[in-house]
Protein chains: 2
Amino acid sequence: MIAQRPNKRATISDVAKLAGVSISTVSRVVNETAPVADETVQQVRHAIETLDYTPHAAARTLAGRRTGTIGLLLPEISGAFYAPMLRGIEAGALEAGFDLLIHASSAVLQERGNGSLPLAEHNVDGLLVFTDRLTDSEISRLYRRGFPLVLLHRTPPAGLDIPCVTFENKAGTRRLIEHLIIAHGCRRIGFLAGPDGNEDSYWRELGYREALAAHGIPLDPSLRSVGAFDEEQAEAAVAAWLRQGIELDAVFGGDDEGATGAIQALQRAGRRVPQDVAVAGFDDVPFARLMTPPLTTVRAPIEMAGQQAASQLITLIQGGESDSSTLLPTELVIRRSCGCA
Amino acid sequence: MIAQRPNKRATISDVAKLAGVSISTVSRVVNETAPVADETVQQVRHAIETLDYTPHAAARTLAGRRTGTIGLLLPEISGAFYAPMLRGIEAGALEAGFDLLIHASSAVLQERGNGSLPLAEHNVDGLLVFTDRLTDSEISRLYRRGFPLVLLHRTPPAGLDIPCVTFENKAGTRRLIEHLIIAHGCRRIGFLAGPDGNEDSYWRELGYREALAAHGIPLDPSLRSVGAFDEEQAEAAVAAWLRQGIELDAVFGGDDEGATGAIQALQRAGRRVPQDVAVAGFDDVPFARLMTPPLTTVRAPIEMAGQQAASQLITLIQGGESDSSTLLPTELVIRRSCGCA
DNA sequence: CTGAAAGCGCTTACAG
DNA sequence: CTGAAAGCGCTTACAG
């Protein structure tokens, strides 16, 4: 068993005393916020070292009115999607010297017992919002307070000029579906939608429709189901199609997880992929190329999206201007699951 | 272009004024830290609501000497390993009402320009350390200050009584290797070590050796290479074995990423898995069961490890006692890559 | 280049 | 049950 023994820490006054200067001067050498005589700097530095002094973040925040931290609101941490996204956000935050506070709870911005919000104006200087859990009205409230906000994969509520960064979902999907149509002659292409209300999915569906329309293929509503960007749900959806005897020559999984589930269902039912049914995804998650067959998909710059979102947020925090909306390019990645050799 | 317009916020004094009470009273109703007359409570609550008041975290921290936040130090965010680990840590933190601050930089605990540490005594109440980047001496320094610390996948520097949580690496690996030996008659089993100095890998190697010894199989040093828990490095290592004409009837990838690389190298060289060479991993990452062939591996309770580590840290922070070391059980997961049907 | 002082927004004894 | 006051450890005008 281990118990903790508390311990006194050096403060700015201790340093000032030891160095024989005022705390203002210590603050100045620590922050390089005003010129200080060389000799004085040396004394202060030495005192800092011998006392192992480290400034107290909360005191700084309170006195200086900034936390040096950005917050991230996530729906939940799972799936291959998150690692690259977090890496990008971390990179964006760090390169500007900001810390990252994350909240993946489903109850985010729910009040806590003590009445404070888990992630709000006071522990972060701004918020990156990637979740449907935050309602439009909560977003409005923060926005009206002038609190810096950047949305990921989600457009702002009507009338609010909040920056958002998303992928070029529609064009990417359209290119993918057209490849299926043109190169592989597919005409009955199943579409697996994402979770309800998901905007990425909304645009992908538009791209899907455009591709069909452009090639004179009528839209068949029975070819639409919900995979929810979830392997299991996608598998169930495709299994249901198969059970109902719905003819398919391809299925677009909505994302790579959905494609994975689709492949499972197909193979389980004895269909060969891609010989009997082509399958394609979206994201190009690290595992996509390792699947059997390797997955044809649309590469989304997930990491870059995270980094850009973080950078934009920090620009806003620092009083700068930010683009109101960023659409990151996507790229078709052709592998074998579509039928290409 | 979007620019930010700042905005005034209500403070505890505003609330006190509006409610016609002192700030002490407001503090008491907000924190439920002392009995307050019902009527007063109502007035204060009402004032809080009309002013949309939210306590300032930094002020609370400064006055109350706690941040309500735990920090996490990671080497880098990548691989299928991280999502479950983060999920567990988040869960552990949240259930105790703590926030999570993460740092995945390689330069962690490196001083910043302003002399403050990115993650230290002042922005967090305790630290979860899962990285080799933090040297033993840095850990000692924090420990000596009485700063709550919990180590993940790493034992404390000699003499320091710091709690750590790890997997049952040795026993799990031994069971796995014995399965290869007993069920599949393997005798020339390649071992792919993790990154240099990695403790998980160290124990897995001991388990590997024990298994061989228990079955009278001599240790062949040429059967050891470094995969670094990385797909590409593992692939290169196995490719090198093949090129050198080293005979193998199985390879243990060190972890699932390593196993993935091994399978790639083997298949690329025309060897069938598992008919020609069996392959096994460690972790049972979400994708393991989806690989071709489905991967035989050792299931590590990654998410639980994260949660336990967070809980233990919070126990320490709250002045409680914590186990000095937690060894989480692992479980053999037999699929097809070992040769089982 | 340097210091004294006010103030950031809270919590927490101390009185009553 | 309630308030006045000190103090948490800094930053930042204001003087000099």
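None of these values were measured; they are calculated from a predicted model. In what follows, chains are A, B, ... by sequence order, proteins preceding strands, each numbered from 1.
- Rounded to a whole Å, the NZ atom of K17(A) is 13 Å from the P atom of dC10(D).
- Within the nucleic acid shown, S13(A) has no heavy atom closer than 4.0 Å to any nucleic acid atom.
- As rounded to whole Å, 7 Å separates atom P of dT12(C) from atom CG of N31(B).
- In the model, E199(B) has a side-chain atom that pairs as donor or acceptor with a side-chain atom of T155(B) under 3.5 Å.
- In this structure, H153(A) and F167(A) have perpendicular ring planes: the angle between them is above 60°, well past the 30° mark.
- Partners of T166(B) under the side-chain hydrogen bond (donor to acceptor under 3.5 Å, both in side chains) rule, at least two apart in sequence or in another chain, do not exist in this structure.
- Residue V150(B) is tested with V165(B), I317(B), T326(B) for a side chain to side chain contact (heavy atoms under 4.5 Å, CB included); the sole match is V165(B).
- Of the two residues near DNA chain C, A37(A) and R28(B), the one whose nearest nucleotide lies more 5' is A37(A).
- For the pair D38(A) CG and dT2(C) C1', the computed distance is 15 Å after rounding to whole Å.
- The phosphate of dT11(C) has OP1 or OP2 within less than 4.0 Å of a side-chain N or O from S27(B).
- Mapped onto DNA chain D by nearest heavy atom, I12(A) and T40(B) fall at different nucleotides, with T40(B) at the one closer to the 5' end.
- Using a 4.0 Å heavy-atom criterion, one finds that T25(B) contacts the sugar-phosphate atoms exclusively.
- Put simply, the residue from D200(B), N198(B), D136(B) that forms a side-chain hydrogen bond (donor to acceptor under 3.5 Å, both in side chains) with R154(B) is D136(B).
- Listed for the S325(B) side chain is no donor-acceptor partner under 3.5 Å among the backbone atoms of P163(B).
- By the 4.5 Å heavy-atom criterion applied to side chains, N31(A) and R60(A) are counted as neighbours.
- Looking at S324(B) and D161(B), their side chains never bring a donor and an acceptor atom within 3.5 Å of each other.
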Short N/O separations, protein against nucleotides 5-8 of chain D, under 3.5 angstrom:
| unit_1 | atom_1 | unit_2 | atom_2 | d |
| --- | --- | --- | --- | --- |
| dC8(D) | O4' | R65(B) | NH2 | 3.4 |
| dC8(D) | O2 | L62(B) | O | 3.4 |
| dC8(D) | O2 | A63(B) | N | 3.2 |

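- In terms of modelled atom types and a separation under 3.5 Å, the side chain of T25(B) and the main chain of V21(B) share no donor-acceptor contact.
- Side chain of V36(B), nearest nucleotide from dT11(C), dT2(D), dT2(C): dT2(D).
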Dot-bracket for DNA chain C, 5' to 3', Watson-Crick and G-U pairs with both distances under 3.5 Å, [ ] for crossing pairs, | for partner on another strand, reads |||.||||||||.|||
